[in-house]
Visitor: 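Take this structure first; my questions come after.
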Protein chains: 2
Amino acid sequence: MKIGDLEKQSGISAHTLRYYEKSGLLKPSKRGDNNYRHYSNEDLITAKFIKRSKACGFSLAETSSLLAIKTDKSQHVCAEAKAITHNKLQEIEEQIQRLEQMKETLSKLHHYCCGGQESAEFCSIISALEEGE
Amino acid sequence: MKIGDLEKQSGISAHTLRYYEKSGLLKPSKRGDNNYRHYSNEDLITAKFIKRSKACGFSLAETSSLLAIKTDKSQHVCAEAKAITHNKLQEIEEQIQRLEQMKETLSKLHHYCCGGQESAEFCSIISALEEGE
DNA sequence: ATAAACCTTAGAGTATGGTTTAAGGTCAAG
DNA sequence: CTTGACCTTAAACCATACTCTAAGGTTTAT
Ligand SMILES: [Zn+2]
Ligand SMILES: [Zn+2]
Ligand SMILES: [Zn+2]
Ligand SMILES: [Zn+2]
């Protein structure tokens with residue numbers, strides 16, 4: 001499979017696949033005489049693995065760690081995978097909390113502003129930002 | 001007030017204040033003979049405005065738009081401020097949804113993995129990433 | 001007088017996850 | 001045999017929001 005084929009099969013652009021290679025995430029199993037990248041079926045699985053990992057919110061670095069486990073399962077233990085997942089879960093929960101806090105503040109601002117065509121002289125959004133604690 | 005004083009009063013680092021100036025967010029009202037920046041009380045209010053705006057999740061560009069309204073209220077209308085707030089609110093709600101989706105997926109992965117010291121051969125986290133739809 | 005603390009600038013570096021460009025080599029169809 | 005599709009590389013660029021560095025000028029306290 002050439003890079004263009006993998007692009008179609010995996011939904012990851014050729015550009016990005018080359019970038020992933022440079023980042024050590026996915027090396028093609030072979031290079032042809034013309035130096036073209038050749039990907040195996042296992043490489044396709046890896047590409048999809050990366051895609052799912054990203055969909056879970058894992059960074060490329062974290063994905064890299066997960067891939068290391070996947071690639072050599074017998075040399076790794078469940079605890080490692082669970083720790084990575086646990087950390088990400090916490091991180092995401094913290095992000096959600098921050099965003100919920102913002103959402104609440106913004107909802108109030110949004111609610112109290114009339115949103116009309118009148119001068120912003122007494123706009124509650126602007127005053128809240130000027131004078132909030 | 002010199003930049004160090006504003007740093008203390010506003011809680012925004014001098015570095016960042018200079019960066020904000022370069023970005024057009026907060027220009028000191030004067031420069032001394034020695035070219036030092038001199039900030040007024042109004043500048044302090046503006047600095048705090050920026051800080052609150054950031055705390056609401058507004059980007060520097062959005063903060064800049066809000067500042068333009070604040071600075072010249074009579075030339076702006078509520079509708080403008082409300083539109084900016086509305087967009088941000090939507091954006092944040094979308095982010096929360098994405099994160100909630102990730103959280104759900106991760107929670108399942110986390111729940112099913114034993115997390116023990118046994119080989120990752122049959123780790124549910126790794127297999128889910130390998131074989132998920 | 002001299003040292004510490006503060007100020008100035010332009011520009012480079014950091015982090016993330018790519019995207020784009022330039023300049024060119026290879027392959028398959030008509 | 002040429003045209004267009006596809007492949008190669010290194011390196012620059014994008015966005016965001018800083019953060020730091022280098023090299024130097026100023027103020028203040030002792
Ligand atoms: Zn109004
Ligand atoms: Zn309003
Ligand atoms: Zn297990
Ligand atoms: Zn496991």
Side-chain angles (χ1 to χ4, degrees), chain A residues 1-39 43 46-47 49-67 84 87-88 91-92 95 98-99 102, chain B residues 1-39 43 46-47 49-67 84 87-88 91-92 95 98-99 102:
Chain A
M1 207 183 315
K2 280 184 287 179
I3 199 167
D5 301 318
L6 185 58
E7 169 171 26
K8 276 157 212 149
Q9 299 279 314
S10 70
I12 302 171
S13 83
H15 274 310
T16 300
L17 287 168
R18 290 195 195 96
Y19 171 71
Y20 284 172
E21 179 176 359
K22 207 170 57 179
S23 311
L25 281 172
L26 174 53
K27 291 190 213 305
S29 33
K30 283 184 190 173
R31 286 288 185 133
D33 291 347
N34 49 16
N35 202 28
Y36 283 16
R37 292 165 175 86
H38 286 291
Y39 295 96
D43 291 335
T46 302
F49 184 104
I50 294 172
K51 220 182 172 195
R52 283 182 212 112
S53 173
K54 293 240 72 195
C56 288
F58 291 114
S59 68
L60 293 188
E62 288 155 347
T63 298
S64 193
S65 303
L66 290 168
L67 267 177
I84 294 171
N87 290 342
K88 179 55 60 177
E91 200 181 288
I92 284 183
Q95 275 190 65
R98 269 200 303 280
L99 289 171
M102 288 176 184
Chain B
M1 203 181 322
K2 280 185 289 179
I3 199 166
D5 302 319
L6 185 58
E7 169 170 25
K8 276 159 213 146
Q9 299 279 315
S10 70
I12 301 171
S13 83
H15 273 309
T16 300
L17 288 168
R18 290 195 195 96
Y19 170 73
Y20 285 173
E21 179 177 357
K22 208 170 55 178
S23 311
L25 280 173
L26 175 52
K27 290 189 214 306
S29 33
K30 283 184 189 173
R31 287 287 184 134
D33 292 348
N34 48 16
N35 202 29
Y36 283 16
R37 291 166 175 86
H38 285 292
Y39 294 96
D43 290 335
T46 301
F49 183 105
I50 294 172
K51 218 180 174 198
R52 284 183 212 111
S53 173
K54 293 239 72 197
C56 288
F58 291 114
S59 68
L60 294 188
E62 289 155 347
T63 299
S64 193
S65 303
L66 290 168
L67 267 177
I84 294 171
N87 289 342
K88 180 54 62 177
E91 201 181 288
I92 284 183
Q95 276 189 66
R98 268 199 303 279
L99 289 171
M102 288 175 183

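In the text below, chain A, chain B and the rest are named by the order of the sequence lines, each starting its count at 1.
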Visitor: Testing A/D33, A/N34, A/N35 one by one against A/R31 for a side-chain contact (heavy atoms from CB on, under 4.5 Å), which residue passes?
Guide: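 Testing A/R31 for a side-chain contact (heavy atoms from CB on, under 4.5 Å) against A/D33, A/N34, A/N35 leaves exactly one candidate, A/N35.
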Visitor: Tell me which residues in residues 5-19 of chain B lie within less than 4.0 Å of DNA chain D, going by non-hydrogen atoms.
Guide: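 Under 4.0 Å from DNA chain D: B/H15, B/T16, B/Y19.
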Visitor: Which of these passes side-chain contact (heavy atoms from CB on, under 4.5 Å) with A/I50: A/T16, A/L66, A/L26?
Guide: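 Result: among A/T16, A/L66, A/L26, A/L26 is the only option passing the side-chain contact (heavy atoms from CB on, under 4.5 Å) with A/I50.
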Visitor: Would you kindly give the CD-to-P distance between B/Q95 and D/dT16, to the nearest whole Å?
Guide: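 About 14 Å, once rounded to whole Å.
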Visitor: Within the side chain of B/K88, is there an N or O that forms a donor-acceptor pair under 3.5 Å with the backbone of B/G57?
Guide: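 Side chain of B/K88 to backbone of B/G57, a donor-acceptor pair under 3.5 Å: yes, one is there.
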Visitor: Could you list where the contact with chain A starts and ends along DNA chain C, reading 5' to 3', using a 4.0 Å heavy-atom cut-off?
Guide: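 Extent of the interface on DNA chain C: C/dG17 to C/dC27.
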Visitor: Base, sugar-phosphate, or nothing for A/K22, non-hydrogen atoms under 4.0 angstrom?
Guide: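 Nothing: the residue A/K22, judged by heavy atoms under 4.0 Å, touches no strand.
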Visitor: Can you check the A/R31 CZ to D/dC6 C1' distance for me, whole Å?
Guide: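 So the CZ-C1' distance, A/R31 to D/dC6, works out to 15 Å.
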Visitor: Quick one: A/H38 NE2 to D/dC7 P, roughly how many Å, whole number?
Guide: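 Interatomic distance, NE2 of A/H38 to P of D/dC7: 10 Å.
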Visitor: Determine whether a donor-acceptor pair (N or O, by modelled atom type, separation under 3.5 Å) exists between the side chain of A/K2 and the backbone of A/Y36.
Guide: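 Side chain of A/K2 to backbone of A/Y36: no pair is present.
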Visitor: Please report the closest heavy-atom contact between B/S29 and B/D43, naming both atoms and the distance.
Guide: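 Closest heavy-atom pair between B/S29 and B/D43: OG-OD2, 3.0 Å.
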Visitor: Taking all atoms of both residues into account, what is the closest heavy-atom pair of B/R37 and B/R18, and its distance?
Guide: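 Taking every non-hydrogen atom into account, NH1-NE, 3.6 Å.
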Visitor: How many whole angstroms separate atom NZ of B/K51 from atom P of D/dA17?
Guide: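 That distance rounds to 16 Å.
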Visitor: What are the two closest non-hydrogen atoms of B/L25 and B/T46, and how far apart are they?
Guide: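 Taking every non-hydrogen atom into account, O-CG2, 4.3 Å.
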Visitor: Is there a side-chain contact between B/Y36 and the phosphate of D/dG25, meaning an N or O under 4.0 Å from OP1 or OP2?
Guide: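 No, no such contact exists.
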Visitor: Specify the separation, in whole Å, of atom CD1 of B/I50 and atom P of D/dC18.
Guide: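 Nearest whole value for this atom pair: 10 Å.
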Visitor: Could you check A/S59 against B/I3 and say which one's nearest nucleotide on DNA chain C is further toward the 5' end?
Guide: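 Looking at the nearest nucleotide for each, B/I3 comes out on the 5' side.
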Visitor: A/I84 and A/S65: which non-hydrogen atoms are nearest, and at how many Å?
Guide: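 Taking A/I84 first and A/S65 second, the nearest heavy atoms are CD1-CB, 3.7 Å.
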Visitor: So B/Y19 and B/L60, do their side chains get closer than 4.5 Å, heavy atoms only?
Guide: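 Yes; the side chains approach each other to less than 4.5 Å.
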Visitor: Which part of the nucleic acid, if any, lies within contact of B/S23, taking any heavy atom under 4.0 Å across all strands shown: a base, the sugar-phosphate backbone alone, or nothing?
Guide: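 Here B/S23 touches no strand at all.
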Visitor: Taking the minimum atom-to-atom distance to the side chain of A/R37, which one of D/dT9, D/dA17, D/dC6 wins?
Guide: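 Closest nucleotide among those given: D/dT9.
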